[in-house]
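Working notes, structure below.
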Amino acid sequence: GEDVEQSLFLSVREGDSSVINCTYTDSSSTYLYWYKQEPGAGLQLLTYIFSNMDMKQDQRLTVLLNKKDKHLSLRIADTQTGDSAIYFCAETPGSYQLTFGKGTKLSVIP
Amino acid sequence: GAGVSQTPSNKVTEKGKYVELRCDPISGHTALYWYRQSLGQGPEFLIYFQGTGAADDSGLPNDRFFAVRPEGSVSTLKIQRTERGDSAVYLCASSSRGAGGETQYFGPGTRLLVL
């Protein structure tokens with residue numbers, strides 16, 4: 001397809017790990033991003049991965065990239081209620097323009 | 001400033017009216033972007049400025065939409081003859097130089113409602 005694809009909803013229990021998946025479209029994307037959006041707030045950059053990497057870890061966040069399948073995932077370890085938000089993956093088909101998925105709404109159950 | 005700011009935070013207008021949305025980027029950032037986020041969707045690219053010039057306006061949906069950045073800092077997105085379908089959150093972002101891989105810092109957005 002032509003769109004960046006994400007599942008729309010994910011529900012996890014507090015303390016569990018969350019895995020949010022994304023399929024992107026442009027194999028030439030140099031960077032792939034994960035943004036977080038909380039209600040009424042702008043987009044906050046969580047992390048990004050350069051296309052020549054397979055994995056990137058940043059504290060509780062782990063990003064995995066499978067270039068062959070154009071698959072990106074974000075794992076949040078020890079998920080907290082404050083992690084409840086919408087998570088967007090984004091690719092960079094040009095050098096600057098971000099193309100976003102529709103977002104995955106993460107709900108954390110106490 | 002500390003971050004990207006946008007005004008107004010909310011704008012309600014009537015169909016057919018003209019609106020202006022303002023963006024103040026992070027001081028010193030030469031690259032500025034406008035995106036539009038409709039309900040339940042991810043942000044969609046509208047236009048990219050490098051300095052004062054619009055380097056890429058390919059995302060503007062039609063000629064009712066126009067944006068300026070006359071002094072290379074503040075930008076204004078202008079919408080003429082608004083339609084109900086223009087209702088969305090308009091997001092502005094800035095980055096240091098507009099080069100690949102730079103972090104784009106987003107403002108809180110302007111929520112536009114066209115009645």
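Owing to the predicted nature of the structure, the values given are computational and were not obtained by experimental measurement.
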Leading residue by heavy atom contact count with chain B [cutoff under 4.5 Å; candidates A:K102, A:Q44, A:K105]
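Top option by heavy-atom pairs under 4.5 Å: A:K102.
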Measure the [atom1]-[atom2] distance between [X] and [Y] for me, rounded to the nearest 0.5 Å.
{"X": "B:L46", "Y": "A:Q97", "atom1": "CG", "atom2": "CD", "value": "10.0 Å"}
{"X": "B:Q104", "Y": "A:Y33", "atom1": "CD", "atom2": "OH", "value": "7.0 Å"}
{"X": "B:T103", "Y": "A:Y35", "atom1": "OG1", "atom2": "OH", "value": "6.5 Å"}

Would you mind checking which part of B:Y35 comes under 4.5 Å of any heavy atom in chain A, side chain (CB onward), backbone (N, CA, C, O), both or neither?
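B:Y35 touches chain A through side-chain heavy atoms alone.
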Report which part of B:Q6 has an atom under 4.5 Å of a heavy atom belonging to chain A: side chain, backbone, both, or neither.
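It is neither, since no heavy atom gets under 4.5 Å.
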If you define the side chain from C-beta out and look only at heavy atoms, does anything of A:F88 sit under 4.5 Å from B:P43?
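The answer is yes, as the side chains (C-beta and beyond) meet within the 4.5 Å cut-off.
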Is atom [atom1] of [X] surrounded by more than 12 heavy atoms (other residues, nucleotides or ligands) closer than 6.0 Å?
{"X": "B:R64", "atom1": "CZ", "value": "yes"}
{"X": "B:Y105", "atom1": "OH", "value": "no"}
{"X": "B:L39", "atom1": "CG", "value": "no"}

At a 4.5 Å cut-off on heavy atoms, which part of A:Q6 comes close to chain B: side chain, backbone, both, or neither?
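Neither part.
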Heavy-atom pair of closest approach, residues B:F106 and A:L43:
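Of all heavy-atom pairs spanning B:F106 and A:L43, the closest is CB-O, 3.6 Å.
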